[in-house]
Amino acid sequence: MTWRRLTTRVAAVLFAAAALAPIGSGATPALPTSYPAAGELLALQVAARTAPDRKAHVIRVLHQFRTDYRLQVVLALGQATGADGKTWFRISVPMRPNGTIGWIPAGAVSLKPTQNRIVVNRGLRFIEVFHRDRRLLHAKVAVGAPGRETPLGDFYVTARFVPDDSFLGVFALETSAYSRLTEWPGGGVVGIHGTSKPWLLGQAVSHGCVRVSNATALALKRLAPVGTPISIVAG
């Protein structure tokens with residue numbers, strides 16, 4: 001049995017067990033001390049709404065387990081007291097259009113302040129990682145070609161994995177950003193990943209993803225856990 005198949009089966013068992021667990025059991029998680037803050041959903045599903053009010057329009061329903069059996073991670077940008085008198089989190093919703101913001105009840109997720117942040121300069125074609133104001137990484141990237149531009153905006157790391165396809169290099173970050181078409185499995189999602197063609201770094205050649213050297217990809221494996229905020233700027 002391959003590792004991928006075993007992981008999928010284990011995740012499926014965990015999903016089934018979670019589905020049988022009582023909703024709302026356990027203590028309410030503590031509020032984060034600062035923002036942005038990231039973490040995994042505690043509820044089996046939660047509706048992201050246009051305002052901190054259970055009567056507000058539903059933007060998207062988030063599930064504790066994604067379709068690939070990974071846990072859903074959310075990034076909160078702040079908090080407010082809702083119409084019910086309870087705390088709600090203002091979150092970045094991973095969906096089209098990019099930049100969608102929603103609100104979820106604080107009890108639906110366990111959050112911790114993020115430690116690092118990624119900045120991608122699309123025009124100058126480099127990536128940086130910061131811990132507060134201290135720069136931890138600076139490296140060259142390739143970005144989307146004309147007509148397939150890497151989108152600008154604020155996003156976050158939604159998943160991490162070792163690719164099966166050598167074209168994606170030795171390590172990859174999935175982001176909450178969407179492009180017209182990317183080289184990502186299934187298309188559309190913008191990834192930050194290594195490459196089998198390092199001579200193309202510094203150019204605008206991708207379908208929207210951010211390509212980095214394999215050495216940079218391994219550095220991101222160490223520096224960018226799920227939930228890490230990402231800013232893609234024009235330069």
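- Note that CZ of F171 and NE2 of H193 are 13.0 Å apart. Values are rounded to the nearest 0.5 Å.
- Of all heavy-atom pairs spanning L75 and F155, the tightest one is CD2-O, 4.2 Å.
- Panel note: side chain S176, backbone Y156; a donor-acceptor pair is recorded below 3.5 Å.
- The residues R66 and D68 are annotated as salt-bridged, a charged nitrogen and a carboxylate oxygen being separated by less than 4.0 angstrom.
- Taking hydrophobic clusters as Ile, Leu, Val, Met, Phe, Trp and Tyr residues chained together by side-chain heavy-atom distances below 4.5 Å, L136 does not share a cluster with F126.
- Residues Q72 and Q64 fail the side-chain proximity criterion, which asks for heavy atoms closer than 4.5 Å.
- In this structure, T228 and V129 have side chains that are not in contact, with every pair of non-hydrogen atoms separated by 4.5 Å or more.
- Of the options I101, I104, V109, a side chain to side chain contact (heavy atoms under 4.5 Å, CB included) to I91 is made by I104 and by none of the others.
- For the 3.5 Å distance criterion, the side chains of T87 and Q79 fail to qualify, holding no donor opposite an acceptor.
- A heavy-atom distance below 4.5 Å is not found between the side chains of V212 and T195.
- To the nearest 0.5 Å, atoms CG (N116) and CZ (R135) are separated by 14.0 Å.
- The hydrophobic clustering, which links ILVMFWY residues whose side-chain heavy atoms are closer than 4.5 Å, places L41 and L44 apart.
- Side-chain contact check for R122 versus V233: every heavy-atom pair is 4.5 Å or farther apart.
- Put simply, the residue from L77, L31, V74 that forms a side chain to side chain contact (heavy atoms under 4.5 Å, CB included) with F89 is L31.
- Between A38 and G227, the shortest heavy-atom contact is CB-CA, 3.6 Å.
- Contact of the T150 side chain with the S179 side chain is not registered, since no non-hydrogen atoms from C-beta on lie closer than 4.5 Å.
- Judged by the 6.0 Å and 45° rule, R117 forms a cation-pi pair with F130.
- Dense packing is recorded around CZ of R160, with more than 12 heavy atoms of other residues, nucleotides or ligands lying under 6.0 Å away.
- The line from CG of N121 to CD1 of I127 is 11.0 Å long, rounded to the nearest 0.5 Å.
- Remark: side-chain polar atoms of R60 are paired, donor with acceptor, to backbone N or O of P94 under 3.5 angstrom.
- Hydrophobic clustering (side-chain heavy atoms under 4.5 Å, transitive across Ile, Leu, Val, Met, Phe, Trp, Tyr) groups I232 together with L223.
- Between A204 and G144, the shortest heavy-atom contact is CB-O, 3.4 Å.
- Listed for the S110 side chain is no donor-acceptor partner under 3.5 Å among the backbone atoms of P29.
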Step-by-step side chain to side chain contact (heavy atoms under 4.5 Å, CB included) determination, R49 to H57: CA-CA 5 Å; R49 300 179 182 273; H57 176 70; over 6 Å; no
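- In terms of modelled atom types and a separation under 3.5 Å, the side chain of E149 and the main chain of G147 share a donor-acceptor contact.
- Atom CG of D84 sits about 11.0 Å away from atom NZ of K55, to the nearest 0.5 Å.
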Would S231 and D154 count as a side chain to side chain donor-acceptor pair (under 3.5 Å) if you check the C-alpha gap in whole Å, the side-chain angles of each, and the deciding distance to 0.1 Å?
-> CA-CA 5 Å; S231 293; D154 295 319; 2.9 Å; yes
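- By the criterion of side-chain heavy atoms lying less than 4.5 angstrom apart, applied directly or through intervening Ile, Leu, Val, Met, Phe, Trp or Tyr residues, L62 is not grouped with V157; the two fall into different hydrophobic clusters.
- Atom OH of Y35 sits about 6.5 Å away from atom CG of L111, to the nearest 0.5 Å.
- Here the NZ-OG distance, from K197 to S166, works out to 9.5 Å after rounding to the nearest 0.5 Å.
- The side-chain heavy atoms of I230 and I192, taken from C-beta on, include a pair separated by under 4.5 Å.
- Between the side chain of N98 and the backbone N or O of Y178, at least one donor-acceptor pair lies under 3.5 Å.
- Panel note: side chain T175, backbone V190; a donor-acceptor pair is recorded below 3.5 Å.
- Here the shortest heavy-atom pairing between A142 and V205 reads CB-CG2, 4.1 Å.
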For this session: Apply the test side chain to side chain contact (heavy atoms under 4.5 Å, CB included) to residues V73 and T158: give CA-CA distance (whole Å), side-chain angles for both, the deciding distance (0.1 Å), then the verdict.
Result: CA-CA 6 Å; V73 173; T158 54; 5.9 Å; no
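- In this structure, the side chains of T50 and W103 stay at 4.5 Å or more apart for every pair of heavy atoms.
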Notebook entry, point to check: Going through the distances and angles, do R211 and L200 end up as a side chain to side chain contact (heavy atoms under 4.5 Å, CB included)?
Noted result: CA-CA 9 Å; R211 300 181 192 174; L200 294 178; 3.7 Å; yes
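- In this structure, the side chains of T216 and N214 stay at 4.5 Å or more apart for every pair of heavy atoms.
- Between the side chain of R132 and the backbone N or O of Q115, no donor-acceptor pair lies under 3.5 Å.
- Counting all heavy atoms, side chain and backbone alike, V46 lies closest to P105 at CG2-CD, 3.7 Å.
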Pair D53-W88, side chain to side chain contact (heavy atoms under 4.5 Å, CB included): steps then yes or no: CA-CA 9 Å; D53 185 341; W88 288 60; 5.7 Å; no
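- In this structure a side-chain-to-backbone donor-acceptor pair under 3.5 Å is missing from R148 to H207.
- V93 and L152 end up in different hydrophobic clusters when Ile, Leu, Val, Met, Phe, Trp and Tyr side chains are linked at under 4.5 Å.
- Of all the heavy atoms in V170 and A217, the pair that sits closest is CG2-CB, 4.2 Å.
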